[in-house]
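Reviewing the structure listed below.
Because the structure is a prediction, the values reported are computed rather than measured. Excluded from the calculations below are hydrogen atoms, water molecules and symmetry mates; all remaining heavy atoms, backbone and side chain alike, are included.
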Amino acid sequence: MRLPIDPQADIARRAWVACPVCDDARHCTTCADLRNCGEHWRYLISNNGPVVHLQCPHCTHMWSLNTRPGVTHRGDNSHCL
């Protein structure tokens, strides 16, 4: 079942990362050159510090990605005892 496109989705807020489900950009030479492709982008729905929430416009999969793995963001007090 495909999800609908999130109502917060805005084409002006995009990210260029691989979709973990459809991997639609795997044969794209523009994406392989790490350039911003006009076809293989993702909706940037929102973010919470370095964690971005994305949706693929092709397969509609939604996921979150930590753009700074290993770095604790300021609001996270889970490291305190």
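- Annotation: side chain of His53 is not in contact with side chain of Leu44 (no heavy-atom distance under 4.5 Å).
- Atom SG in Cys19 sits 10.5 Å away from atom CZ in Arg26 (nearest 0.5 Å).
- Evaluation of the side-chain hydrogen bond (donor to acceptor under 3.5 Å, both in side chains) rule for Asp24 yields Arg42, His58 as partners, not counting sequence neighbours.
- Taking 4.5 Å as the limit, some side-chain heavy atom of Val17 sits within range of a side-chain heavy atom of Trp63.
- Membership of an apolar cluster is not assigned to Leu34, as no side-chain contact below 4.5 Å to another ILVMFWY residue is traced.
- Checking side-chain atoms of Gln8 against main-chain N and O of Ile45 turns up no donor-acceptor pair under 3.5 Å.
- Here the side chain of Arg14 pairs no donor or acceptor atom with the backbone of Asp10 at under 3.5 angstrom.
- Listed for the Asn66 side chain is a donor-acceptor partner under 3.5 Å among the backbone atoms of Arg68.
- The shortest distance between side-chain heavy atoms of His61 and Pro20 falls below 4.5 Å.
- Taking hydrophobic clusters as Ile, Leu, Val, Met, Phe, Trp and Tyr residues chained together by side-chain heavy-atom distances below 4.5 Å, Ile11 does not share a cluster with Leu54.
- Judged by distance alone, with hydrogens and angles left aside, the side-chain atoms of Gln55 form a donor-acceptor pair with the main-chain N or O of Pro4 at under 3.5 Å.
- For the pair Thr67 and Val51, the minimum side-chain heavy-atom distance is 4.5 Å or more.
- Applying the ring-ring contact (aromatic ring centres under 6.0 Å, His included) test to pairs two or more places apart or on separate chains, those with a residue in residues 8-41 are Trp41-Tyr43.
- Closest heavy-atom contact between Ile5 and Ala9: CG2-CB, 3.5 Å.
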